[in-house]
Structure formats: structure tokens, C-alpha cells
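In what follows, a structure is listed as C-alpha cells, so that the remarks can point back to it.
Small disclaimer: the values here were computed from a predicted structure and weren't measured.
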Amino acid sequence: MEYLIGLGIKGESHGACCGPGRWLGGGPSLESINPATGTRLGGVRAASAEDCEAVVAEAVAAFRAWREVPAPERGQCVRAIGEELRARKDLLGTLVAAECGKIKAEGDGEVQEMIDIADFAVGQSRMLYGKSMHSERPRHRMYEQWHPLGPVAVITAFNFPVAVWAWNAFIAAVAGDTVIWKPSEKTPLCAVAVQHICNRVMERLGHPGVFGLAIPAERALAEALVDDPRLPLVSFTGSSGVGRRVGERVARRFGRSLLECSGNNAVIVDGTADLDLATRAIVFGAIGTAGQRCTSTRRVIVHRSRLAELSGRLVSAYAEVRIGDPMDAGVLMGPLIDRGAVEAFLQAVARVRELGGEILCGGRTIERPGHFVEPTLARSENQWDVVQRETFGPLLHLIPFDTLEEAIELNNGVPQGLSSALFCNDLARAERFLSAAGSDCGIANVNIGTSGAEIGGAFGGEKETGGGREAGSDAWKAYMRRQTTTVNWGGELPLAQGIRFELGAPRAD
């Protein structure tokens with residue numbers, strides 16, 4: 001447990017923080033359990049209603065000062081946090097692997113995502129650009145500028161317990177917003193560790209209170225954050241069902257929501273595809289994080305002429321996947337997060353069989369401590385209910401097609417629209433897939449898989465995925481408010497559209 005001590009976690013932690021030295025926790029104790037072993041990692045004293053109110057009040061107060069700090073200086077604060085993360089990458093990556101069950105390489109990779117987005121945010125702090133427009137009125141200057149939005153609530157899921165927060169928090173911070181983090185109660189120690197890092201840096205730099213933490217045990221307290229009119233933006237990552245409720249509640253108070261919800265991602269394997277390339281991408285996409293990524297590959301839509309060969313390759317590859325404790329070298333797949341996730345996986349496998357599908361391999365639990373299941377391949381049909389919804393586990397549906405148009409229709413024929421991929425060696429087919437009449441997803445790749453997005457592009461999807469965009473490109477605009485400004489530097493007052501409005505003009509009889 002040296003990594004916990006190295007991250008500032010000793011004994012029972014507190015689940016609310018308003019800044020350096022202000023740790024609170026008046027609620028019940030939350031247990032952090034290692035899903036690979038079933039052993040206790042630690043406890044967190046949950047935030048009470050009073051604690052949550054203190055966190056919000058501090059974020060509101062800190063925002064008044066933080067919005068006045070020059071954006072490049074805000075960027076330097078994020079740079080310093082990124083340097084702290086570099087120094088503690090191994091420790092934090094170990095905690096991520098231990099608490100959420102992804103293999104150590106993926107845990108380290110998640111911390112690297114935080115470092116990468118910190119670097120990106122530093123550059124972005126000098127590029128919060130507005131536009132200059134030509135006015136139709138003489139001696140007028142018209143332009144737009146972007147201002148900080150306010151305190152932002154960031155609600156994250158267990159499967160990426162630190163990186164998704166960073167996508168939001170670092171960009172929001174350079175935009176001039178303060179941030180309140182409500183992490184998953186399944187991975188509270190990761191959030192506490194990151195908060196300790198933020199506290200040290202921001203106190204040293206003289207900007208306490210920019211980053212806050214609230215881990216309530218009660219659903220009503222989380223809903224109170226969503227409903228709070230002092231928080232103009234709520235960023236939510238999780239299921240489409242919960243995301244829909246979050247969006248509705250925030251819209252009711254005319255707030256903004258940034259939703260990153262379920263994915264039901266497909267890889268299309270064309271008749272011209274390189275199967276060596278496709279197989280490697282599919283296996284990583286389907287079993288990485290035990291299929292618990294929003295970008296995990298759920299469906300493989302394969303040309304009928306390649307179905308038998310690809311099925312054989314995947315069955316053989318799955319047989320070589322080493323499953324076990326994610327801390328062990330050589331392990332490629334760890335556990336599901338908890339018993340509830342195991343039950344949901346088994347129900348989905350049973351539903352495939354009930355509908356007449358064929359389980360090609362896997363489909364069972366693994367008898368050992370922790371929450372382990374076998375990665376599973378199934379011959380399925382796209383319209384089945386079990387295929388139409390997201391199973392958050394390593395269940396992969398193989399679906400044949402005959403024409404590219406049919407494959408695109410199958411890809412788009414689910415309620416979700418996050419990530420998609422096409423493997424082919426035909427330029428015209430690739431461009432067809434990427435055209436406006438092709439994939440309807442927020443992410444569309446050619447000859448790479450559905451999982452493993454880089455932070456430079458805007459991340460997000462359409463339909464029931466929620467429409468939000470995080471990380472790179474112009475995602476920063478979600479955390480700011482746009483203001484259009486016109487300056488009249490002449491001595492006259494001409495009106496737009498040539499309207500004449502003159503006081504004292506003669507009346508027409």
C-alpha cells in the first residue's frame with residue numbers, strides 16, 4: 001500500500017474538499033474495494049449535505065477571483081499540476097489499476113492522458129480566440145469575446161476515474177472556471193489522491209479553492225448539485241438513462257449540460273480489410289478495461305466472405321488472452337467493477353442464447369476471488385434488444401453484411417452514436433464511410449479501432465451518447481460564454497438595417 005501513502009491517503013479519507021486544509025466528511029463511510037481481489041483498499045467518509053454546500057459556496061467565491069487571473073497564468077497553474085502528475089504517474093497509475101480493475105499499463109496510460117490534456121490546456125490558455133467582424137455601420141467595431149462561465153460540476157464514472165475529470169477540469173480551469181468534482185462512489189480514492197495533488201499545487205501558487213471535491217453517498221445530494229442554479233454547466237459521464245435525467249434537470253433551470261453517455265460501437269470489416277490489423281484492433285477494443293470503456297467495441301460488422309476467417313482468428317486470439325490480477329505482468333484483462341456488473345454480463349449472454357444466437361467462446365464467470373468473466377464472442381443480429389443496448393462488459397457481437405451500404409446502415413442502426421471504425425484497403429469505400437451519408441457517430445476511424453482516442457480531437461458522440469464534446473479541438477467553448485460587442489467610435493448613431501429613428505422629426509398627418 002506504499003502507493004496510497006505516496007499519494008497522501010492515510011487511514012480513512014474525507015469525501016469533500018473546499019481547498020487545501022479544508023477536508024470535510026460528515027456522511028457515512030464508503031468502502032473502496034479492489035475488484036480483482038475483493039479486498040478493502042480504504043474508506044472514505046462521504047460528503048453530507050452541509051459539506052456539499054460548503055464545496056459549492058467555496059467554488060462560487062473562488063470563481064470571483066479566478067476569472068480575473070490572466071488566462072496564461074491560469075495555464076501555468078495547470079502546467080504545474082501536470083508536472084506533479086508526471087512525478088506521481090506510477091503511483092497514481094497503480095491506484096487506478098487497483099481501484100477500478102484495469103491493467104497497470106492502462107492505469108498508467110490514463111494518468112498519461114491527464115498529463116497530455118494538461119499540456120494541451122497550457123497551450124489553449126493563450127488561444128481563447130474571439131472573432132473580429134466588419135460592421136455595416138460606419139466607424140463601428142464589432143467583435144466577439146469569450147468570458148469564464150462560472151463554477152462547473154464534473155460528474156465522472158468509475159471506468160476512467162481520473163482522466164475524464166482532467167479532460168473537463170483542466171480546460172475549464174484555463175477558461176477561468178472553478179470546478180466541483182463528483183466522482184463515482186466506486187472509485188473514491190482516485191479522486192481523493194488527485195485532489196491532494198491539486199491542493200498542493202494551487203496552495204503553493206496562491207489560488208486555493210479552484211478545484212473542489214464532493215463524494216456524497218446519497219443520490220439526492222448528487223441531484224442537488226445538478227439542480228443548483230449557481231452551477232451554469234454540469235458535465236456528466238455515464239449511462240444514457242442517467243444522462244437523460246441530468247440533461248432534463250439542468251435544462252429545467254436553463255443551465256448547460258455536457259453529456260458523454262453510452263456507446264454501442266461497431267467495427268466494420270470490409271472484404272478488402274487487412275485481417276491481421278483488424279483482429280488486433282478488435283481484441284483490444286473489446287477486452288480493454290474488460291469491455292468497460294464507453295468506446296469499447298461491442299459489434300463487429302463483417303463482410304460475409306470474411307466471417308469464417310475472422311471468427312476463427314478472434315476465437316484463437318481470445319484463447320491467448322491472459323486474465324487475472326491487473327497488477328500482474330502479462331495480464332491483458334482484469335475484472336469487472338463489481339458483482340452487479342457480472343450479473344448484467346451474464347444476463348446479456350443468456351439473452352443472446354434465448355434469442356437464438358451462438359456463443360462462439362466465453363460466456364462464463366471465472367472461479368477465483370474478484371469479479372472475473374470470460375471475454376465472449378457471439379453470433380447475433382443487429383436488431384436484437386441485447387445488441388441495441390450497451391452491455392458494459394466483454395461481450396462482442398459478430399454480425400455479417402453483404403454490401404457497404406448495408407454495413408453503414410447496421411453501424412448506424414442503434415440508439416447510440418459514439419465511436420465507429422472501418423477496416424478496408426479501398427479509398428472510395430473509406431471515403432464513403434466518412435461522408436455525410438456514412439457513419440453517424442461522433443468518432444469515425446479507418447484502419448484503427450473504436451477505442452483509444454487522442455486528446456487533440458474533440459471527444460464525444462451523437463444520439464443517446466449525448467452530443468457533448470470534451471478534450472481537444474474547440475471543446476473549450478463549452479466552458480465559456482460568448483459575448484458579441486460593438487463599439488461606436490464615431491460621433492453619429494446610425495442604426496442597423498438602415499432603420500431611421502429620429503426624435504423631434506415632423507409628424508406625418
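Of all heavy-atom pairs between S380 and V352, the closest is OG-CG1, 4.0 Å.
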Show which side-chain atoms of residues 155-167 pair as donor or acceptor with protein atoms under 3.5 Å away, not counting sequence neighbours.
| unit_1 | atom_1 | unit_2 | atom_2 | d |
| --- | --- | --- | --- | --- |
| T156 | OG1 | W181 | NE1 | 2.9 |
| N159 | ND2 | Q292 | O | 2.8 |
| W167 | NE1 | E113 | OE1 | 3.1 |

Anything under 3.5 Å between a donor and an acceptor, one on a side chain of residues 188-198, the other on a protein residue two or more places apart or in another chain? List them.
| unit_1 | atom_1 | unit_2 | atom_2 | d |
| --- | --- | --- | --- | --- |
| Q195 | NE2 | N199 | OD1 | 2.9 |
| Q195 | NE2 | F211 | O | 3.0 |
| H196 | NE2 | G8 | O | 3.2 |

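For the 3.5 Å distance criterion, the side chains of R389 and N264 fail to qualify, holding no donor opposite an acceptor. In the model, S32 has a side-chain atom that pairs as donor or acceptor with a side-chain atom of E99 under 3.5 Å. Between N168 and E470, the side chains place a donor N or O and an acceptor N or O closer than 3.5 Å (distance only, hydrogens not considered). Under 3.5 Å, the side chains of R293 and S451 contain a donor-acceptor pair of N or O atoms. Of the N and O atoms on the side chains of S262 and E390, at least one donor lies less than 3.5 Å from an acceptor on the other residue. With no hydrogens or angles considered, a side-chain donor-acceptor pair links E12 and S29 at under 3.5 Å. T289 and E106 are linked by a side-chain donor-acceptor pair at a separation below 3.5 angstrom, with hydrogens and angles left out of the test.
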Would E367 and R364 satisfy salt bridge (Lys or Arg N to Asp or Glu O under 4.0 Å), going step by step from the backbone distance to the final call? CA-CA 9 Å; E367 295 305 318; R364 297 178 296 268; over 6 Å; no
Salt bridge (Lys or Arg N to Asp or Glu O under 4.0 Å) assessment of E309 paired with R313: CA-CA 6 Å; E309 184 182 359; R313 284 173 175 258; 3.4 Å; yes
Determine, stepwise, if the pair R45 / D51 fulfils salt bridge (Lys or Arg N to Asp or Glu O under 4.0 Å). CA-CA 11 Å; R45 180 66 65 179; D51 299 333; over 6 Å; no
Mind running salt bridge (Lys or Arg N to Asp or Glu O under 4.0 Å) on K89 and D108 for me, showing each step along the way? CA-CA 6 Å; K89 178 179 174 180; D108 290 347; over 6 Å; no
Working for side-chain contact (heavy atoms from CB on, under 4.5 Å), residues F459 and E260: CA-CA 9 Å; F459 179 89; E260 293 290 352; 4.0 Å; yes
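Side chains of V283 and L314 form a contact here, defined as non-hydrogen atoms less than 4.5 Å apart. With a 4.5 Å cut-off on side-chain heavy atoms, I5 and I9 do not count as touching. Taking the side chain as every heavy atom from C-beta outward, T365 and H371 never approach each other to under 4.5 Å. D270 places none of its side-chain heavy atoms less than 4.5 Å from the side chain of F423. Side-chain contact between M333 and I103 is absent, with no heavy-atom pair separated by less than 4.5 Å. Using a 4.5 Å cut-off on side-chain heavy atoms (C-beta onward), N382 and H397 make no contact. Counting heavy atoms from C-beta outward, V242 and C261 have side chains that stay 4.5 Å or more apart. Using a 4.5 Å heavy-atom threshold, the side chains of I366 and E374 count as touching.
Residue pairs meeting the side-chain hydrogen bond (donor to acceptor under 3.5 Å, both in side chains) criterion with at least one partner in residues 441-450, sequence neighbours excluded, are T297-T450.
In the displayed structure, E409 atom CD is contacted under 6.0 Å by at most 12 heavy atoms of other residues, nucleotides or ligands.
With values rounded to the nearest 0.5 angstrom, S296 atom OG is found 7.5 Å from N265 atom CG.
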